[in-house]
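Heads up: the structure comes next, in structure tokens.
Protein chains get the first letters and strands the later ones, always in sequence-line order, with residue 1 at the start of each. Side-chain atoms are counted along with the backbone in the values below, which use heavy atoms only and exclude waters and symmetry mates.
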There are 2 protein chains.
Amino acid sequence: MKKRTTLKQLARELDVSISTVSKALKNSPEISQDTIDRVKAFAKLLNYRPNNIALSLKNRKTKTIGIIIPDIVHHFFTKVIKGVEKYANSKGYNVIVGLSNESFSNEVINMEMLANGSIDGFIISMARETMQRQDYQHYTETLNEEIPLVMFDRVVAEIPCDKVIVDDTKGAEIAVNTLINKGATKIAILTTKDYVSVGRLRTKGYLEALKNHGINPIRDLIIKIDDELLYEEDHLDVLEKQVRELLLNHTDVNGIFAVNELYAVVAMKVAKEMGYEIPNDLQVIGFTDGMLSKHATPTLSTISQHGESMGSKAAELLIQRIDERVNDLPKEPTKTVVISTNLIQRGSTK
Amino acid sequence: MKKRTTLKQLARELDVSISTVSKALKNSPEISQDTIDRVKAFAKLLNYRPNNIALSLKNRKTKTIGIIIPDIVHHFFTKVIKGVEKYANSKGYNVIVGLSNESFSNEVINMEMLANGSIDGFIISMARETMQRQDYQHYTETLNEEIPLVMFDRVVAEIPCDKVIVDDTKGAEIAVNTLINKGATKIAILTTKDYVSVGRLRTKGYLEALKNHGINPIRDLIIKIDDELLYEEDHLDVLEKQVRELLLNHTDVNGIFAVNELYAVVAMKVAKEMGYEIPNDLQVIGFTDGMLSKHATPTLSTISQHGESMGSKAAELLIQRIDERVNDLPKEPTKTVVISTNLIQRGSTK
DNA sequence: TAACATTACTATAACGTTTGCGTGTTGATA
DNA sequence: TATCAACACGCAAACGTTATAGTAATGTTA
């Protein structure tokens, strides 16, 4: 295996010491201009570049942050990564991605793989299984080892760390308010089981909006989908069936709020098949502004989550913590940053 | 800053040497069972875990691979990452992601940031700008430094490295053949400018299919879109306009092959607006099986690229090269692996 | 001219591991 | 009772850096 150029080689060939080479390359005033020039020229010739690993070892920091997400084939997470990358790169950090695949053990393994010095801190959105189990030991341990940790989107109150979330409740409320203002009188919600925090919060927003308008919630109109199989084919069949039943049993439903864009698109599809005209007979609003929302027919009105902002905010918080730790600064109390949502109106509402 | 547990600490507290600790933890026969037990117990107590960075430095390998892609908000690349992650993790590797954002300089910067020892090898799909410039110096340099490199999807013949591609020509041919077999007689193609290799090759497949069926290509039916702004809003306006013109000027077009799913979905949208019934009046086939294809109305027949397979194959090739390099094995000639495509038939064809 | 700066370097330790080799202490053998 | 394995461990170098503390060879000052 060919060895890369090192300080040692440069030193030997230039017949000076390693320290001289190191200092010369850094324009140290201890070294004569003459030597500096010689060293630099030779270093360039041999295409010398410092070994990052050695630096990491020496400096005890890697300039790398780890992001662990449940799934990468998912527009929202992808946006977040983009935001993280952007901010991180601008600060000279690299980003290493771990996929939990919604599995608890994968999440743990991935974190362990990285928590041994490979990264300076974590940005995490919990795996579904972790939310179900409510087993947060690996987070606690990470924190105990003083590895900074920032959670986003799928967060949990028990863990004392910085968090970046969206105001799910408020977003949902806005969506449902909008539906009501646009004339919808009977509004259903397509949501997830309650252990998914965002599903629970969005359902809460839905209920609040109804309450504020003096509308009594109807149990039948609240469809909680077990998203074990989200984005898997047969999962959608179940969803379709439930939407069909809903529209069959409650023919006067004229508004649907879905807690993600996929549910919304599926609902629109079923409704269209059943002869509904959107938005005239039925108005639909989703959550998350992804590819589907933009290109569905009709295009989907949706609550934008600003994933990229979440990502860069998370990266910012994390890097602050890293600095705090490295420079032994006093610890600031943990923050929870709420990224504001907003409604993007498109073809699925009047 | 709290320091993590190291061998040195264990050694001091157990009053043995560092080497003894190290060996004990590795069950070395040089160390008495008694000591081994003591060391292990104490290590566990202090939650010792070896510092990966130190290991990387010592072993001169990082067990990390870098993947550089043009855009992460893109279903196909996301699938590839997933495949890479899966295979890499199974071999004990981590994955570090760099985003070129379709920019040449970003690509170069990202590679340089990682090529200084942070990773053992690269998996890359070229940025659009790099393809346009045809400036491959950074690849050549990487190869010169004997850092293994595997390219996928957007590849270029000039670089002597392993590659993983899809048989774009064949895939396109299958798509167009299918359209013809299903009764389409006048088929248009929505493709990219020629510098995008995949666009060029898919156009080639389109032409070959026509030729094999004795159909003369018509210049007007070949729409080459400048995808500078792919996935940006105003880009789509241009695309819509072109499709509209196409269908206006050639009312007998009854088949469209699009080189990606977005073009296909946009075409369907325009056609539907103009009163076409899909698939009866017009059949459409896309390329890449993403979210849009699955949830468009009608659902889109498309050529699946098997992004995940590409990813894991790329990772496999790369890790082989890394082993080859690390163990100073004889160098195998570079391979180009072709992942076979297949047509997924859905609602947009008869 | 002795004392002291200044200049331009070099040596060394440290970051956290691993590993080949050296070594002191046993107990067995001749 | 010398001799020699076997055992159990320690030493030191190495991976590639950087930073601190020397140290020669000059030049300056009183």
Inset, instruction - With rounding to the nearest 0.5 Å, note down the distance linking CD in A/Glu145 to CG in B/Asn47. - result: 5.0 Å
Inset, instruction - Using whole Å, report how far CG of B/Asn27 lies from P of D/dA8. - result: 14 Å
Legend entry - Selection residues 135-155 of chain B - residue pairs positive for ring-ring contact (aromatic ring centres under 6.0 Å, His included), sequence neighbours left out: B/Phe104-B/His138
Nucleotides 25-27 of chain D: which of its N/O atoms have a protein N/O under 3.5 Å away?
none

Legend entry - For DNA chain D, the residues among residues 33-45 of chain A that have a non-hydrogen atom under 4.0 Å from it: none
Legend entry - Value in whole Å for how far the P atom of D/dA24 lies from CD of A/Glu30: 17 Å
Legend entry - Atom-to-atom span, CD1 of B/Ile31 to P of D/dA6 - whole angstrom: 18 Å
Inset, instruction - Kindly compute the distance separating CE (B/Met126) from CG (B/Asp153), expressed to the nearest 0.5 Å. - result: 11.0 Å
Could you pull out every donor-acceptor pair under 3.5 Å between side chains of residues 307-317 of chain B and any protein atom, sequence neighbours left out?
from, atom 1, to, atom 2, distance (Å)
B/Glu308, OE2, B/Lys86, NZ, 2.8
B/Ser312, OG, B/Glu308, O, 3.3
B/Ser312, OG, B/Ser309, O, 3.3

Do any N or O atoms of the protein come closer than 3.5 Å to N or O atoms of nucleotides 11-17 of chain C, and which pairs are they?
from, atom 1, to, atom 2, distance (Å)
C/dA11, N7, A/Ser19, OG, 3.1
C/dA11, N6, A/Ser19, OG, 3.3
C/dC15, OP2, B/Lys8, NZ, 2.7
C/dC15, O3', A/Arg60, NE, 3.3
C/dT17, OP1, B/Tyr48, OH, 3.0
C/dT17, OP1, B/Asn51, N, 3.0
C/dT17, OP2, B/Leu7, N, 2.8
C/dT17, O5', B/Tyr48, OH, 3.0

Legend entry - salt bridge (Lys or Arg N to Asp or Glu O under 4.0 Å) between B/Asp120 and B/Arg325, intermediate numbers included: CA-CA 10 Å; B/Asp120 292 338; B/Arg325 176 179 132 95; over 6 Å; no
Legend entry - Under 3.5 Å donor-acceptor, A/Glu102 side chain and A/Arg128 backbone: yes
Inset, instruction - Starting at CG of A/Leu149, measure out to CD of A/Glu141 and round the result to the nearest 0.5 Å. - result: 12.5 Å
Inset, instruction - For a side-chain hydrogen bond (donor to acceptor under 3.5 Å, both in side chains) with A/Asp162, tell me which candidate from A/Lys335, A/Gln320, A/Arg321 qualifies. - result: A/Arg321
Legend entry - Lys/Arg-Asp/Glu bridge criterion (N-O < 4.0 Å) met for B/Arg133, B/Glu107: no
Inset, instruction - Supply the atom-to-atom distance B/Ile68 CD1 to B/Phe77 CZ, rounded to the nearest 0.5 angstrom. - result: 12.5 Å
Legend entry - Inter-residue atom distance A/Asn101.CG - A/Ile69.CD1, 0.5 Å rounding: 10.0 Å
Legend entry - Net bend of the helix from C/dT1-D/dA30 to C/dA30-D/dT1, end axes of five pairs each, nearest 10 degrees: 90°
Legend entry - Test: B/Lys8 and B/Glu13 ion pair at under 4.0 Å: no
Inset, instruction - Take the protein atom NZ of B/Lys61 and the nucleotide atom C1' of D/dG16, then report the distance between them rounded to whole Å. - result: 19 Å
Legend entry - From B/Glu30 atom CD to B/Lys23 atom NZ, the distance as rounded to the nearest 0.5 Å: 4.0 Å
